[in-house]
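Here is the structure we will look at.
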Amino acid sequence: TVCALAGLGILASSIAGASCLDYTDCVHWAGSFHPQLGCSDLDGFWDVIHRDNRLYATTICSTIYIFDYSDPDDLEVIASVDLPFFATALALSGGHLYVVGWYRMYVLRVQPEDLAVVAVVEGFHMPGGVATAGDHLFVADTDTFYALDISDPGAPRRVGAVSIGNSGPEDLAIAGHLAYLPTFTRGLLVVDISRPTGMAVVAQAETPSWLYGVEVENSSIYAAGAGGLLVGNTGHPPDSLPSSLALRPYGTSFTGMLCIDVDGTRAALATFDVFVALDLTTPVAGQARAWAKAIVPDGWGQGTCIVGDYA
């Protein structure tokens, strides 16, 4: 799902994975939802995740929505709740939704047609990424990477923290016992989370410009940022570290990438004004094949996820 500062849009691929001469043969806007906000000049959605036939999304004004997207052409709001803060990222574990944002985190119990706050955790700054692994939740804040015990969702407890400098991560991906953080000032950081009470930064891949999104698929790292799409190798198995970590350009001319999702050999990315679908098989003549693209209307893409033949 392309989550943009103007609204939520559904893109359908009519020729999944095909290489197109005319991009419009491959992709079209299938459905959309535009919130009535008014709290900011940058009205729109900030993050989106999915499970089964549900989309979970947060707006800049911190209204949390659950959508039924069983019919992508007709998104249906089945629940929503307003939270009094600036929400930036979402994670779902069990029957609870974890919403991080400026200065705090909310834990919401997810019911079929309801969202209820069950806990609030204070003391964050401006976190940009959140993810769960087992009974733990990991939060990438402006200068600190936190681990929380969420075995009792109604009473999350901080159990670990490691300094990441004033790096400003905007996303977070976990693979095995490693967490990957794309940052504004320190490239890609890798944190060992095997012991949440004793985490450590174990690798760094420096980049010439900022990174904003990251995905780990099998043994490959995909990082989106100002310079476009960068790719690296995690080593084998995926949760081990190579002797040196480096990212290289993936051969696409698109720059200013803000978010990425990877599903097998397909990647969905959004830039300041364009949605791009990439074929991640071996680049032809050094160039990744962009088999679909669409203009993001009235804003820029802030988050994306692939669900079958939809994004």
Side-chain angles (χ1 to χ4, degrees), residues 1 3 7-8 10 33 35-37 39 44-72 74-141 144-161 170-174 179 193 196-197 261 302-305 307:
T1 297
C3 192
L8 189 72
I10 303 294
F33 176 84
Q36 299 298 316
L37 301 177
C39 70
F45 286 88
W46 199 256
D47 194 19
V48 60
I49 58 177
H50 74 92
R51 176 185 291 177
D52 301 324
N53 286 326
R54 299 287 186 267
L55 290 176
Y56 302 83
T58 178
T59 70
I60 284 182
C61 298
S62 297
T63 299
I64 312 302
Y65 286 96
I66 302 178
F67 295 93
D68 182 335
Y69 70 92
S70 53
D71 179 2
D74 185 20
L75 289 176
E76 178 187 357
V77 177
I78 58 176
S80 66
V81 64
D82 293 324
L83 299 177
F85 81 141
F86 189 114
T88 56
L90 304 171
L92 190 63
S93 180
H96 292 84
L97 186 66
Y98 297 85
V99 186
V100 299
W102 288 15
Y103 313 123
R104 64 182 65 92
M105 176 182 78
Y106 285 88
V107 183
L108 306 178
R109 184 177 63 251
V110 178
Q111 297 176 326
E113 296 184 1
D114 186 36
L115 289 166
V117 176
V118 298
V120 181
V121 180
E122 302 283 353
F124 296 107
H125 188 210
M126 297 178 183
V130 61
T132 62
D135 287 336
H136 289 90
L137 179 88
F138 299 91
V139 178
D141 206 347
T144 306
F145 186 70
Y146 293 101
L148 292 87
D149 185 328
I150 56 170
S151 55
D152 178 1
R157 297 182 298 110
R158 281 192 182 87
V159 295
E170 289 292 340
D171 197 8
L172 168 61
I174 292 177
I193 60 171
T197 56
D261 191 26
Q302 181 66 33
T304 183
C305 60
V307 188

When you compare the side chain of His96 with that of Ile150, does any pair of heavy atoms fall below 4.5 Å? no
For Leu115 and Val110, run side chain to side chain contact (heavy atoms under 4.5 Å, CB included): C-alpha distance rounded to whole Å, both residues' side-chain angles, the deciding distance at 0.1 Å, then the answer. CA-CA 5 Å; Leu115 289 166; Val110 178; 3.8 Å; yes
I'd like to know whether Leu83 forms a side chain to side chain contact (heavy atoms under 4.5 Å, CB included) with Val117, so could you lay out the CA-CA distance, the side-chain angles of the two residues, the decisive distance to 0.1 Å, and finally the verdict. CA-CA 9 Å; Leu83 299 177; Val117 176; 3.8 Å; yes
Heavy atoms of Ala91 and Leu137 approach each other most closely as CB-CD1, 4.3 Å
Where Thr58 and Leu90 come nearest, the two heavy atoms and their spacing: N-CD1, 3.9 Å
Step through the shown structure and confirm whether more than 12 heavy atoms of other residues, nucleotides or ligands are within 6.0 Å of CD on Glu122. yes
Do Met126 and Tyr103 come within less than 4.5 Å of each other through their side chains, counting heavy atoms only? yes
Please state whether the rings of Trp102 and Phe86 are parallel, tilted or perpendicular, taking 30° and 60° as the class boundaries. parallel
Could you tell me which non-hydrogen atom of His125 sits nearest to which non-hydrogen atom of Asp141, and how far apart they are? N-OD2, 2.7 Å
Nearest heavy atoms of Ala89 and Gly128, plus distance in Å: CB-O, 3.9 Å
Are the side chains of Thr88 and Val100 in touch, meaning some heavy atoms are under 4.5 Å apart? yes
If I take atom CG from residue Asp149 and atom NE2 from residue His136, how far apart are they, to the nearest 0.5 angstrom? 4.5 Å
Output field: ring centroids Phe67/Tyr65 closer than 6.0 Å: yes
So Arg54 and Ile78, do their side chains get closer than 4.5 Å, heavy atoms only? yes
Apply side chain to side chain contact (heavy atoms under 4.5 Å, CB included) to residues Arg158 and Val121 and explain how you reach the verdict. CA-CA 9 Å; Arg158 281 192 182 87; Val121 180; 4.0 Å; yes
Full working for side chain to side chain contact (heavy atoms under 4.5 Å, CB included) between Phe145 and Ile193: CA-CA 10 Å; Phe145 186 70; Ile193 60 171; 3.8 Å; yes
